[in-house]
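Below is one structure, written out as structure tokens, with a few remarks after it.
Computed from heavy atoms alone, side chains included, the values below leave out hydrogens, waters and symmetry copies. Both counts, for ligands and for their atoms, begin at 1 and track the order of listing.
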Amino acid sequence: MSQLKIAIQKSGRLSEKSLALISEAGIVLNNSDRRLIARSSNFPIEILFLRDDDIPQYVADGVADIGIVGENVILEKNSPVRTVKKLGFAGCRLSLAIAKSIDYKGISHFNGKKIATSYPKILQKYLTDNNITAEIHEISGSVEIAPGIGLADSIFDIVSSGSTLISNGLKEVEVVMKSEAVIISDIKLSAEKQQILDKLLFRISSVQTAKKHKYVVLNAPSSQVSRIVEIIPGMKSPTVVPLAKEGWVSIHSVLKEDEFWEIIDKLQECGAEGIMVMPVEKMIV
Ligand code: ATP
Ligand code: ZN
């Protein structure tokens, strides 16, 4: 039986969450000490640990079948791969930043400027699209120090909280793209590998859906059941079980994390008590 080869970052910002995703999907790795390859005893998958920059090319070449990488890297490498799922972690943006003392009046500021970046292709396309002519100075790391040491006037780099910019006396002036970690796939997967990928994606979706929901159990007077059922409709309909105490029931249901506090307020208004809220591990709808 064939194995699906998945490339993940060996060590860096994507590594822990990529491994956690695989583990939450119920996949047990037998040697996850990140040498080069790890295998699983309970799922037809092989993990390749690589530098994130190499992942799009390895997937495009078919050395790996799928990979987990930031959208920023995919766009910069411009490799022919398919994005199959957004993963919701490693969120960041690629932005232009300049010295904070400069009075910024708009994108034309960059005409004739020298910009340091590790993302020359994305930057060049953005400048061309905006009719700006600037000099791009490619450096591989610590881009944020370039203006301070006189290497460039401004930078084009990854920003998440913005604190790195602030501590280097810079300010973000244009957001060029937003990025998060995604799963990419080889465009020409065999039917057998596609089947394994579909199975993996199904498991990941169940975990992602579960994380967005909470399981709630509460006690309420029987007279309030119909009002409460309207507030927490659940997946199909809530479970209502009688309590030993006459005139009272226990209601079990599932609710969305983002509606949680609003719903709890309404439940209390209906006389609900002993409200317990629990995480959901997997959810298949
Ligand atoms: P490698 O050694 O594998 O080449 P790297 O140093 O290029 O690693 P990391 O800094 O680990 O890469 O970042 C990996 C990805 O995480 C980035 O490409 C980006 O998509 C995402 N990311 C999210 N937030 C940040 C952040 N604050 N700084 C850098 N990258 C971030
Ligand atoms: Zn990298």
Among Glu172, Glu180, Glu71, which one satisfies salt bridge (charged side-chain N to carboxylate O under 4.0 Å, His left out) with Arg93?
Glu172

Do Lys188 and Asp186 meet the salt-bridge criterion of a basic N to acidic O distance under 4.0 Å?
yes

Could you check whether Lys214 pairs with Glu257 (Lys NZ or Arg NE/NH1/NH2 to Asp/Glu carboxylate O, under 4.0 Å)?
yes

Test side-chain hydrogen bond (donor to acceptor under 3.5 Å, both in side chains) applied to Asp198 and Gln194, step by step
CA-CA 6 Å; Asp198 290 343; Gln194 183 63 48; 3.0 Å; yes

Those atoms of ligand 1 less than 4.0 Å from some heavy atom in [X]:
X: Gln9; value: 1 (P), 3 (O), 5 (P), 8 (O), 9 (P), 11 (O), 12 (O), 14 (C)
X: Ser160; value: 26 (C), 27 (N)
X: Gly12; value: 11 (O)
X: Val73; value: 18 (O)
X: Gly70; value: 20 (O)

Considering only N, O or S atoms, which atom of Asp53 is nearest to the Zn ion (ligand 2)?
OD1

Of all N, O or S atoms in Asp52, the one closest to the Zn ion (ligand 2) is OD1

Identity and distance of the protein heavy atom lying nearest [atom]:
atom: atom 2 (O) of ligand 1; value: Arg51 NE, 3.6 Å
atom: atom 26 (C) of ligand 1; value: Arg13 NE, 3.3 Å
atom: atom 24 (N) of ligand 1; value: Cys92 CB, 3.7 Å
atom: atom 23 (C) of ligand 1; value: Ala90 O, 3.5 Å

Please walk me through it: do Gln124 and Thr128 pass side-chain hydrogen bond (donor to acceptor under 3.5 Å, both in side chains)?
CA-CA 6 Å; Gln124 186 56 66; Thr128 307; 3.1 Å; yes

Go through the steps for Tyr104 and Glu174 under the test side-chain hydrogen bond (donor to acceptor under 3.5 Å, both in side chains), then give the verdict.
CA-CA 10 Å; Tyr104 182 71; Glu174 301 285 346; 2.5 Å; yes

Heavy-atom check, side chain of Ile74 versus side chain of Thr83, under 4.5 Å
yes

With a 4.5 Å cut-off on side-chain heavy atoms, are Val254 and Val216 touching?
no

Backbone N or O of His109 within a donor-acceptor pair of the Lys113 side chain at under 3.5 Å?
yes

Within the structure, does at least one protein heavy atom fall under 4.0 Å of atom 8 (O) of ligand 1?
yes

Nearest non-hydrogen contact with atom 20 (O) of ligand 1 belongs to which option: Ile55, Asn72, Asp52, Val159?
Asn72

